[in-house]
Number of protein chains: 2
Amino acid sequence: MRILIADDDPQILRALSITLGAHGYDVVTARDGREAIGAAASEHPDLIVLDLGMPELTGIEVIEAVRGWSTLPILVVSGRHDSGDKVDALDAGADDYVTKPFAVDELLARVRALTRRAAPTLDSPTARLGAVTIDLAAHLVLRRTSDTEEVVRLTPTEWRMLEVFAKNPNRLVTRELLLTEVWGPQYTTDTGYLRLYVSQLRKKLEPDAARPRYLLTEAGMGYRFSPDE
Amino acid sequence: MRILIADDDPQILRALSITLGAHGYDVVTARDGREAIGAAASEHPDLIVLDLGMPELTGIEVIEAVRGWSTLPILVVSGRHDSGDKVDALDAGADDYVTKPFAVDELLARVRALTRRAAPTLDSPTARLGAVTIDLAAHLVLRRTSDTEEVVRLTPTEWRMLEVFAKNPNRLVTRELLLTEVWGPQYTTDTGYLRLYVSQLRKKLEPDAARPRYLLTEAGMGYRFSPDE
DNA sequence: GCCCGGCGTGAGGAATGCGTGAGGATCGGC
DNA sequence: GCCGATCCTCACGCATTCCTCACGCCGGGC
């Protein structure tokens, strides 16, 4: 998830970059309006945090320029509290408007709300595993075989488990996390369930269940889910 | 464009209704949390303006209940300025959060921004299922038999159910979504209704009701509607 | 090479969920 | 108040899912 931060105040720019970066976002920055438009086009961000009071171009002009070719979410940050300014920015195409000074956790929550809302508009967030495609939102798993695409059916327990993996790609997923998320916090020692259901997931998702490529065992600790790219 | 306003203060409720009504919106109101959830399900609003401090249910509970089956935009209006409250509401699924007192023109601009963002909800006019054609807009289902086309008669409940399926092709349609859309949010555990009406829909739509091809069961979760292409 | 703990997988029974017929309750039109 | 259509309740047989148990495999320590 990549965020473009556009602000002419280097101090705010730095603070926001560090905060958003610490929360797992990939951060790109711009110092004036022209740079912001360029970065919005070339860096393919998933969201823009835009300061209104920048040199070169007004914030409204930046919004209108970006809206000329893109629908990506724009969160405006501004020192101006006047409701007229807010109306202008929102009607120009901004999705949200936060006034300075703002609480960082509120800004983060608004970023989450915007990315959540905008996500289905772009592409449904799918994970690819070779011939298998996972669409979490649609609860759909497809498997390409030679020339046809067939639906892979998962049981409720298999789904809950796959969801935990899909939300933690490329990271170690501990046995404890899996057990509490799928079976409940009182089952944290029943590792036999994990062996059973991981085995079934592999049969349905892996090209060769005996030699797993995407759902890997980390002996003694848990599992790691590594989708393509 | 229909808006549901949920607030326990009759004065605010009245003022908002008049303001939004004057700007061309169709307004529906609710005075407490339970009423809000019911109206969200039965009135099919395009947006909810939700006061957090209502009796019966907390605002967060209302948000979570609605998010259980719907993605319609929720704009929270609240007297609480604390950033923790904002984070909780946004993370529960709200799209925006405005603190009282607010400028009416700002609220209107935020309503426009949210409806603009949520707008791309185009539903497909027709679906094909082998010999059966479903025309949602015309409220018509046709079945080709050898040489003639006959109209398939559906009861109101069957039709409401088919609409939910037709609007979510190839996706898992949860039991909860079906029950709230067809019977109301207080019936979310009556899965017996689903079994009965799915059975009747299959008799009318499937070539062989005993071996369904288009209306598939996902045991423990819901159903999946897969029309041809 | 042998033991041993952790892991993978098959089989089968228990528990849960699903499909469907029949019949009674309810509602609206006349 | 009658009648048909629709909706709901109930019951039973079948299908799916979940869990238990058993056994075989693999790699590390000795």
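Keep in mind that the numbers below use all heavy atoms, side chains included, and drop hydrogens, waters and symmetry copies. The chains referred to below are lettered A, B, ... by the order of the sequence lines, with proteins before strands, and numbering in each begins at 1.
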*Quick one: do R67(B) and D95(B) make a salt bridge, cutoff under 4.0 Å?*
yes
*Out of R224(B), R202(B), R195(B), which one pairs with T217(B) under the side chain to side chain donor-acceptor pair (under 3.5 Å) rule?*
R202(B)
*Between dC7(D), dC18(C), dC18(D), which nucleotide gets closest to the side-chain atoms of T157(B)?*
dC7(D)
*Considering only side-chain heavy atoms of T217(B), which listed nucleotide, dT9(D), dT17(D), dG19(C), is closest?*
dG19(C)
*Taking only the side-chain nitrogens and oxygens of R175(B), find out if one of them lies under 4.0 Å from OP1 or OP2 of dG17(C).*
no
*OP1 or OP2 of dC19(D) less than 4.0 angstrom from a side-chain nitrogen or oxygen of W183(A), does that happen here?*
yes
*Which whole-number value in Å describes the distance from L194(A) CG to dC19(D) P?*
11 Å
*Expressed in angstrom and rounded to an integer, what is the separation of Y187(A) atom OH from dC18(D) atom P?*
13 Å
*Between E163(A) and W159(A), is any side-chain donor less than 3.5 angstrom from a side-chain acceptor?*
no
_Between R202(B) and A209(A), which residue's closest nucleotide on DNA chain C lies nearer the 5′ terminus?_
A209(A)
*So what does G192(B) hit on the nucleic acid, given a heavy-atom distance under 4.0 Å: a base, only sugar-phosphate, or nothing?*
nothing
*Sub-4.5 Å side-chain heavy-atom contact between D85(B) and S78(B)*: no
*Rounded off to whole Å, could you give me the CG-to-P distance for the L196(A) and dT17(D) pair?*
14 Å
*With DNA chain D as reference, determine whether A219(B) or L154(B) sits nearer its 5' end, using the nearest nucleotide of each.*
L154(B)
*Report which part of the nucleic acid T191(A) touches: base, sugar-phosphate, or nothing (heavy-atom distance under 4.0 Å, all strands).*
nothing
_Ion pair check, K100(B) and D7(B), cut-off under 4.0 Å_ = yes
*Is the distance from OP1 or OP2 of dG19(C) to the nearest side-chain N or O of Y223(B) less than 4.0 Å?*
yes
*asked:* Measure CD/E158(A) against C1'/dC19(D) and give the value in whole Å, please.
replied: 14 Å
*Do any side-chain nitrogens or oxygens of S199(B) fall under 4.0 Å of OP1 or OP2 in dC18(C)?*
no
*In whole Å, what is the span from the NZ atom of K204(A) to the C1' atom of dT9(C)?*
15 Å
*How long is the line joining CZ of R195(B) and P of dA15(D), in whole Å?*
15 Å
*Over how many whole Å does the gap from Q200(B) atom CD to dG19(C) atom P extend?*
13 Å
*Rounding to a whole Å, what distance do you find between L215(B):CG and dC18(C):C1'?*
13 Å
*asked:* Measuring to OP1 and OP2 of dC18(D), would you say a side-chain N or O of Y197(A) lies under 4.0 angstrom away?
replied: yes
_Closest approach to the side chain of K203(A), judged atom by atom: which nucleotide of dC18(C), dG10(C), dC7(C) is it?_
dG10(C)
